[in-house]
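The structure presented is a predicted model; accordingly, all values stated were derived computationally and were not measured. Lettering of chains follows the sequences in order, A, B, ..., and the numbering in each one begins at 1. Note: hydrogens, waters and symmetry copies are ignored here, and every other heavy atom, side chains too, is used.
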Amino acid sequence: MKTTVQTVKGVREFYPETMSLRNYLYEKVRSASRSFGYQEWDGPFIETIDLYAAKSGEELVKKQSFVFEDRGGDLVTLRPELTPSLARMIAAKQGQLTFPVRWWSFGPFWRYEQPQKGRTREFFQWNIDMVGADSPEADAEMIAIAATFLRSVGLDPTRVSIFVNDRSLMTSQFDRLDVSVEKRVDASNLIDRRSKMKPDAWEAYGLEMGLSQRQIDGLKQVLEDYNLWKQSDNLQRVFAALDALGVREYIKFDPAVMRGLLYYTSTVFEAFDLTGSVRRSILGGGRYDNLLEDVGGDSLPATGFAMGDVVIGIVLQEAGLVPDFEPSPAQVLVTVFDKNLWVQSLSLASELRQAGLNVMVYPEPVKLPKQFKFADKMKMRVAMVLGPDEVEKDLVVVKNLGTGDQLQVKREAVLESIKGILKNA
RNA sequence: GCGGAUGUAGCUCAAUGGCAGAGCACCUGACUGUGGCUCAGGUGGUUGUGGGUUCGAGACCCAUCAUCCGCCCCA
């Protein structure tokens, strides 16, 4: 094996085939976002560490960020998330923006973590947020956008679900069970881990963090109560809106959905693949009404979610929903017969391009079998030959690579002939 | 940060401690103006790297690097 310089750990290289999946995701994300009227935006890819110190989790800032010193001696961070940049940008133009702001973005992020299935150190993430509206119906809109996206990539409700909960509902349950304010985070953590642990171990873990047996039993009851949402006005309105938005079949209430982020205040949700091998969430988000105030802006309610490209990519692959890769953007190859006739091929190609076709000219006057083989591998649809016989009579051979049929066509009729072939197959 | 597995041809993988192989891909020819299909032939290796054990190591031992999988964490 040749020695090559290795890539940085946890990054991916986008060969054309994977690049096309990335672009496909971008297109679907873009159209789902735009169909609800969201504007595209982006923040800087590098930020100061201070931006994240304000509100992001400690783990994220201290352990999972790429931080380094620039040439001027300042500490800079490759952005691990977008929300703090969003909050700052909105706060900076608070007086000039038209609220509610509906913004979406799809860009690269970096987190220094251990790479494994569904997790890389460099990834792309769709962020979409609405700032300045505090209704449950706004939360429902975010969830509906997520469902619209999932539907648009061919994932139906038998395959994926969006699990919805309300943090404030859980807080009221904690209060009912006399879980102290200090223990709420622990209790949330415990709930989060329910699906990952065996029942005995889960209970032992709960006792260990200082909850009583009565509280643990109470939590168990809460987690099994799939009608609990009826006690929440917020969730009742969210679900009613989702019904009207036509995506109710994607939605399930799940009291176990908590989300790790501390800044969520009420509605929270996460989408999962129900049948595949990835147990990580496809996307997740919720309402975060205090964040803008926390980073120094005016108090503004906000709701939104994020989706990384890695998990959804695996899910689509496993579901057989990755669109066929088209190796060449050109559908037409103009072969080069020999050195002398080369210019004939070049000028024909140029004419066809001016007529709007994507056209490739073989870059060497090698023998025709090799050129045809190339066209075949690149899955091109039409090949053209300009040999001595054709050039003499002002003709061009137009070959349909799908059927193998070929015709000698008058030079001025070539465009029509090609269009006919492209239209049919 | 912790644990498990795996590194052999471009790719997917074989090889009881005893000649490093197959399929696919690639190249050539059958087919000197035409791809796919078929057939025949061919190129391709410091077995991740460094040490050790052994008459002999792809295999066993140690180290190291990388990748994958899990834990932690998940914004």
A:K373 has its side chain closest, among B:G33, B:G29, B:C27, to B:C27
So CZ of A:R22 and CZ of A:F14: to nearest 0.5 Å the spacing works out to 4.5 Å
5'-most contact on RNA chain B (nearest-nucleotide basis), A:K9 vs A:R119, goes to A:K9
Side-chain contact check for A:R280: nearest option of B:U34, B:C68, B:C74 is B:C74
Between the CG atom in A:D273 and the CD1 atom in A:I314, the distance rounded to the nearest 0.5 Å is 10.0 Å
>> Measuring only the P atom in each nucleotide, how far is B:G42 from B:G4? A whole number of Å is fine.
In response: 47 Å
Between CZ of A:F269 and P of B:C74 the distance, given in whole Å, is 18 Å
For RNA chain B, the expected dot-bracket line (Watson-Crick or G-U under 3.5 Å, [ ] crossing, | inter-strand) is (((((((..((((....[..)))).(((((.......))))).....(((((..]....))))))))))))....
Separation of B:C31 atom P from A:Q371 atom CD, nearest Å, is 21 Å
Ring pair (Phe, Tyr, Trp, His ring centres under 6.0 Å) filter on A:F106, not counting sequence neighbours, yields A:Y26, A:F124
When A:V8 and A:G387 are each assigned the nearest nucleotide of RNA chain B, the 5'-most assignment goes to A:G387
Sorted by chain and number, sequence neighbours left out, side-chain hydrogen bond (donor to acceptor under 3.5 Å, both in side chains) with A:E293 holds for none
Q.
Regarding A:K399, tell me which of base, sugar-phosphate or nothing describes its non-hydrogen contacts under 4.0 Å with the strands shown.
A. base
Among B:C73, B:G35, B:G33, the one nearest any side-chain atom of A:P388 is B:G33
**Prompt:** How is A:G402 classified with respect to the nucleic acid when contacts are heavy atoms under 4.0 Å: base, sugar-phosphate, or nothing?
**Reply:** base
Interatomic distance, CG@A:L245 vs CD1@A:I145, rounded to 0.5 Å, equals 9.5 Å
With heavy atoms under 4.0 Å as the rule, sort A:G404 into base, sugar-phosphate or nothing. base
Rounded P spacing from B:C65 to B:C24 in Å
39 Å
Rounded to whole Å, the CG-P distance (A:D389 to B:U32) equals 17 Å
**Six-ring centre of A:W202, A:R193 cation under 6.0 angstrom, axis tolerance 45°** = no
Side-chain atoms of A:P369 come closest, of B:G33, B:U34, B:C72, to B:U34
ask   = Taking atom C1' in both B:A9 and B:A15, what distance in whole Å separates the two?
value = 14 Å
Quick note, A:Q116 side chain, CB onward, closest among B:G33, B:G70, B:C73 is B:G70
*In terms of side-chain geometry, is the basic nitrogen of A:E351 or A:R411 positioned less than 4.0 Å from the acidic oxygen of its partner?*
yes
Quick one: label A:F374 by what it contacts on the DNA or RNA (base, sugar-phosphate, nothing), any heavy atom closer than 4.0 Å. nothing
Between CD of A:Q408 and P of B:U34 the distance, given in whole Å, is 14 Å
Of the listed B:G33, B:G1, B:C73, the closest approach to the A:Q114 side chain comes from B:G1
To the nearest angstrom, the NZ-C1' distance between A:K367 and B:A30 comes to 12 Å
- Message: Within the supplied structure, the quantity of interest is the number of heavy atoms (other residues, nucleotides, ligands) at a distance under 6.0 Å from A:Q116 CD; does it exceed 12?
- Response: yes
